[in-house]
**Student:** 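I'd like to ask you about the structure that follows.
For reference, positions follow the sequence shown, starting with 1. Worth knowing before you read on, the calculation uses all heavy atoms, side chains too, and leaves out hydrogens, waters and symmetry mates.
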Amino acid sequence: MIRNILGSVVALAGAASAVLSPFRDWYAGRAGHEYRVRDLFEGITATESGVLVSILLPFLVAALLVIAGVVLRSRLVVAFAGVVVLGFTILWMVRQGQAAGSLVVGGDGAGLQVGVANALAGGVLMVIGALLMRGRGRRGAGREPVERYAAPAADQVDTWPPTQEPGMSVQQSPWPEPEVEPYTGPDPRDARTGSYPEDDPRDPVHPPHRPPQI
């Protein structure tokens with residue numbers, strides 16, 4: 001969040017510097033808005049230019065891209081706007097150097113002036129702002145994925161791990177359960193029941209036999 005705010009402020013400052021630069025002197029006392037956009041592709045001439053068809057036009061487009069990139073938190077859009085400003089500024093420097101024979105930086109107003117520095121600084125600030133921004137975060141980023149279990153088979157409703165089927169989940173062993181032997185009477189090896197006579201009424205298995213009545 002803080003990086004997005006800081007990057008947005010830096011990028012907007014760069015956009016403001018780029019938009020204001022054509023209103024300052026660029027070369028030999030000539031303001032930036034006096035250069036036509038077509039001069040950047042056909043060669044610098046002495047023809048005056050209108051503001052809306054001057055070098056200000058691509059800078060305005062770049063500023064709008066920065067605003068859109070800040071609103072959408074898109075690093076790519078902001079960086080592209082910075083590249084546009086730097087590209088048009090460098091292209092102007094190449095054309096101006098061809099027209100003048102060389103580029104010089106003179107303190108007396110005979111060479112490159114502060115308007116060019118503002119344009120270059122604006123483009124650089126836009127790129128730096130894009131690098132500082134973190135962009136739009138993905139929803140659910142940083143959360144551990146929730147493991148989901150498929151529906152069990154019909155014969156494995158209550159198994160582990162727990163399923164969405166009703167019933168208590170138990171841990172089943174893969175081995176078959178031992179069968180319980182059927183009860184066959186008292187154990188003759190047991191001292192408590194092994195000594196019972198067959199007709200002993202205490203014998204819980206063999207009840208006493210009554211003699212037949214004649």
Side-chain angles (χ1 to χ4, degrees), residues 1-139 141:
M1 184 65 180
I2 297 179
R3 289 187 58 180
N4 280 331
I5 296 176
L6 180 60
S8 300
V9 171
V10 173
L12 291 174
S17 177
V19 171
L20 292 176
S21 65
F23 297 96
R24 311 192 72 173
D25 293 340
W26 276 48
Y27 194 84
R30 188 177 182 183
H33 64 81
E34 298 179 3
Y35 294 94
R36 300 180 300 176
V37 175
R38 60 184 297 182
D39 291 346
L40 303 181
F41 302 95
E42 299 177 357
I44 301 296
T45 63
T47 305
E48 296 291 335
S49 172
V51 176
L52 295 181
V53 293
S54 68
I55 198 174
L56 175 64
L57 180 61
F59 290 176
L60 285 176
V61 174
L64 293 177
L65 288 176
V66 169
I67 295 175
V70 169
V71 173
L72 299 176
R73 288 186 292 178
S74 175
R75 300 174 61 186
L76 183 60
V77 173
V78 176
F80 177 74
V83 172
V84 169
V85 173
L86 291 176
F88 275 91
T89 304
I90 294 174
L91 180 60
W92 173 87
M93 295 174 66
V94 172
R95 292 301 187 184
Q96 182 62 45
Q98 292 175 349
S102 63
L103 286 178
V104 295
V105 180
D108 56 352
L112 294 175
Q113 294 184 282
V114 66
V116 181
N118 291 149
L120 292 175
V124 171
L125 287 177
M126 293 179 194
V127 175
I128 294 176
L131 295 177
L132 290 176
M133 294 173 62
R134 297 193 57 171
R136 180 177 298 180
R138 297 180 178 177
R139 182 175 297 180

**Student:** In the structure I gave you, are the side-chain heavy atoms of Leu40 and Ile55 within less than 4.5 Å of one another anywhere?
**Tutor:** yes

**Student:** Please report the closest heavy-atom contact between Leu65 and Ala81, naming both atoms and the distance.
**Tutor:** CB-CB, 3.8 Å

**Student:** Do you know which of Leu125, Ile5, Val124 makes side chain to side chain contact (heavy atoms under 4.5 Å, CB included) with Val10?
**Tutor:** Leu125

**Student:** At their closest point, which heavy atom of Val66 faces which heavy atom of Val78, and how far apart are they?
**Tutor:** O-CG2, 4.2 Å

**Student:** Any donor-acceptor pair under 3.5 Å linking the side chain of Arg95 with the backbone of Phe41?
**Tutor:** yes

**Student:** Where is the tightest heavy-atom contact between Val127 and Val83, given as atom of each residue plus distance?
**Tutor:** CG2-N, 4.5 Å

**Student:** Where do Pro22 and Phe59 come nearest, in terms of heavy atoms and distance?
**Tutor:** CG-CD1, 3.6 Å

**Student:** Looking only at non-hydrogen atoms, find the nearest pair between Val85 and Ala119 and report the distance.
**Tutor:** CG1-O, 3.4 Å

**Student:** Do side-chain atoms of Trp26 reach the backbone of Ser21 as a donor and acceptor pair under 3.5 angstrom?
**Tutor:** yes

**Student:** Is the CZ atom of Arg3 crowded by more than 12 outside heavy atoms at less than 6.0 Å?
**Tutor:** yes

**Student:** Less than 4.5 Å apart, side chain to side chain, heavy atoms only: is that true for Leu86 and Met126?
**Tutor:** no

**Student:** Mind listing the closest non-hydrogen atom pair of Gly7 and Leu132 along with its distance?
**Tutor:** CA-CB, 3.8 Å

**Student:** Taking Gln96 for the side chain and Ile44 for the main chain, is one N or O donor matched with an acceptor at less than 3.5 Å?
**Tutor:** no

**Student:** Could you give me the CA-CA distance, side-chain angles and deciding distance for Arg24 and Val116, then say whether side-chain contact (heavy atoms from CB on, under 4.5 Å) is met?
**Tutor:** CA-CA 8 Å; Arg24 311 192 72 173; Val116 181; over 6 Å; no

**Student:** Rounded to the nearest 0.5 Å, how far apart are CE of Met1 and CZ of Arg134?
**Tutor:** 12.0 Å

**Student:** Within this structure, what is the CZ-CE distance for the pair Phe88 and Met93, rounded to the nearest 0.5 Å?
**Tutor:** 15.5 Å

**Student:** Taking the side chain from Ser17 and the backbone from Ala13, do they hold a donor-acceptor pair closer than 3.5 Å?
**Tutor:** no

**Student:** side-chain contact (heavy atoms from CB on, under 4.5 Å) between Leu103 and Leu112: does it pass, once the steps are laid out?
**Tutor:** CA-CA 7 Å; Leu103 286 178; Leu112 294 175; 4.1 Å; yes

**Student:** Apply the test side-chain contact (heavy atoms from CB on, under 4.5 Å) to residues Leu60 and Val19: give CA-CA distance (whole Å), side-chain angles for both, the deciding distance (0.1 Å), then the verdict.
**Tutor:** CA-CA 6 Å; Leu60 285 176; Val19 171; 3.9 Å; yes

**Student:** Under a 4.5 Å cut-off applied to non-hydrogen side-chain atoms, are Phe23 and Leu56 in contact?
**Tutor:** yes

**Student:** To the closest 0.5 Å, what do you measure between OG1 (Thr45) and OH (Tyr35)?
**Tutor:** 10.0 Å

